[in-house]
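Residue numbers begin at 1 in each chain, while the letters A, B, ... track the order of the sequences.
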2 protein chains.
Amino acid sequence: MDHAIHGRPYEQTNDGPRFRPCAPHGVLARLGDKWTILVMSHLAIATGHRLRFSELKHGIDGITQRMLTLTLRNLERDGLLNRHYFPEVPPRVEYELTAMGASMLPALEGFTSWIRDNWPHMEECRQAFDAAKIKHG
Amino acid sequence: MDHAIHGRPYEQTNDGPRFRPCAPHGVLARLGDKWTILVMSHLAIATGHRLRFSELKHGIDGITQRMLTLTLRNLERDGLLNRHYFPEVPPRVEYELTAMGASMLPALEGFTSWIRDNWPHMEECRQAFDAAKIKHG
DNA sequence: CGGAATCCCAATGGATACTG
DNA sequence: CAGTATCCATTGGGATTCCG
């Protein structure tokens, strides 16, 4: 591959650059689902980057047991967090960011800080766009 | 709001922080769909951050006319690009990043560079996880 | 050329009930 | 407590056809 932008290698063709399928969309799509960012954010600010299942469940408003489990399984599969099971009665399970999971936080923070700065303007743009669409059909 | 992390304000409750619904997930979910990042990436490296519909269509492998149109409409609605229509025969339409759209590129680049660095390790983790799951049920 | 409209299928994710 | 299993409504997105 000659070049890469946004993590995606691309080749120059006669009608412009053509990207080849690879990571960024895949990961962004994973992180962009309904709950993943919230789970990561909670672990980010937790002491030791570690929380138990019920703490996540109570902290994330509206999440169901099923979706929290699925989200945690995916993050565990990606190597972004570890699952610690304590076979007590009743059982206790803690989730902890891995080194890779923690290393993602600055990049995520950089991106979300842009979002925080530009969100109000985006909202204005959306309302203006919708208003214009209604106005002239 | 007392605190904010990853662009999301949160309140401290007796059982940990509770985030309130707001921007980051929404934007990440939008950018994390199947084609948005590819469109942004193409405009990022285009001269003048500007390309016509057919250039995007040919550059992005596998995208359908419908999905390219929808993706561009959403980005336009968000104020991240502008649509320039030239009423010639045949018609020509160009899409150009706005100032806000261009301002997103460094943050996106920061995030995707993390992805590029960690993608191989993530793939390893996934294969190890899947292999372990098959092994012991 | 650059769409819009329609049809259809697969995936996402919510609600609920059950379990070690 | 921390799941798993099942059912079901909604959405995402591909294929195709038609239009200015």
Asker: Whole angstrom is fine here: how far is it from CD1 in A:Ile63 over to C1' in C:dG13?
Answerer: 11 Å

Asker: Within the distance-only criterion (no hydrogens, no angle test), does the side chain of A:Thr98 pair as donor or acceptor with the backbone N or O of A:Gly101 below 3.5 angstrom?
Answerer: yes

Asker: Between A:Lys34 and C:dG14, does any side-chain N or O lie under 4.0 Å from OP1 or OP2?
Answerer: yes

Asker: Rounded to the nearest angstrom, tell me the gap between atom CZ in A:Phe53 and atom C1' in D:dT4.
Answerer: 11 Å

Asker: Using atom NZ of B:Lys57 as one end and atom P of C:dG3 as the other, report the distance to the nearest whole Å.
Answerer: 12 Å

Asker: Using whole Å, what does the distance between atom P of nucleotide C:dG13 and atom CZ of A:Arg30 come to?
Answerer: 10 Å

Asker: Of the listed nucleotides (C:dG3, D:dA2, D:dG14), which one gets closest to any side-chain atom of B:Gln65?
Answerer: C:dG3

Asker: I'd like to know if the side chain of A:His25 and the backbone of B:Asp33 have a donor-acceptor N/O pair within less than 3.5 Å.
Answerer: yes

Asker: Calculate the interatomic distance between B:Arg92 atom CZ and D:dG20 atom P; express it in whole Å.
Answerer: 22 Å

Asker: How do A:Pro91 and A:Thr69 order along DNA chain D: which one's closest nucleotide is nearer the 5' end?
Answerer: A:Pro91

Asker: Nearest whole angstrom, please: distance from the C1' of C:dG2 to the CD of B:Glu76.
Answerer: 13 Å

Asker: Working to the nearest 0.5 angstrom, can you tell me the gap between A:Met67 CE and A:Leu72 CG?
Answerer: 10.5 Å

Asker: Is any side-chain heavy atom of B:Met104 closer than 4.5 Å to a side-chain heavy atom of A:Asn118?
Answerer: no

Asker: Roughly, in whole Å, what's the span from CG in A:Leu70 to P in C:dT12?
Answerer: 10 Å

Asker: Given the rule that I, L, V, M, F, W and Y join up when any side-chain heavy atoms are under 4.5 Å apart, are A:Leu70 and A:Tyr85 in one cluster?
Answerer: yes

Asker: Over its full length, what angle do the end axes of the helix from C:dC1-D:dG20 to C:dG20-D:dC1 make, each axis taken from five pairs and the result rounded to 10 degrees?
Answerer: 40°

Asker: Is the cationic atom of A:Arg77 (NZ for Lys, CZ for Arg) positioned less than 6.0 Å from the six-membered ring centroid of B:Phe129 and within 45 degrees of its normal?
Answerer: no

Asker: Looking at D:dG3, I'd like to know if its phosphate oxygens (OP1 or OP2) sit under 4.0 Å from a side-chain N or O belonging to A:Arg73.
Answerer: yes

Asker: How is B:Tyr95 classified with respect to the nucleic acid when contacts are heavy atoms under 4.0 Å: base, sugar-phosphate, or nothing?
Answerer: sugar-phosphate

Asker: Between D:dG13, D:dC1, D:dA2, spot the one nearest the side chain of A:Pro90, thanks.
Answerer: D:dC1

Asker: How about B:Leu43 and B:Glu96: do any of their side-chain heavy atoms sit closer than 4.5 Å?
Answerer: no

Asker: Hey, does the side chain of A:Thr64 come within less than 4.0 Å of C:dG13's phosphate (OP1/OP2), counting only N and O?
Answerer: no

Asker: Check this one for me: any side-chain N or O of A:Arg52 less than 4.0 Å away from OP1 or OP2 of D:dC1?
Answerer: no

Asker: For B:Tyr85 and A:Asp33, take the nucleotide of DNA chain C holding the closest heavy atom to each; which residue's nucleotide lies nearer the 5' end?
Answerer: B:Tyr85

Asker: Given the rule in the side chain to side chain contact (heavy atoms under 4.5 Å, CB included) test, do B:Leu75 and B:Tyr95 qualify, once you have shown the distances and angles that lead to the verdict?
Answerer: CA-CA 10 Å; B:Leu75 287 171; B:Tyr95 294 90; over 6 Å; no

Asker: Tell me the interatomic distance from B:Leu51, atom CG, to C:dG2, atom C1', rounded to whole angstroms.
Answerer: 15 Å

Asker: Tell me if the side-chain of A:Arg66 makes a donor-acceptor pair with the base of C:dG13, cut-off 3.5 Å, by modelled atom types.
Answerer: yes

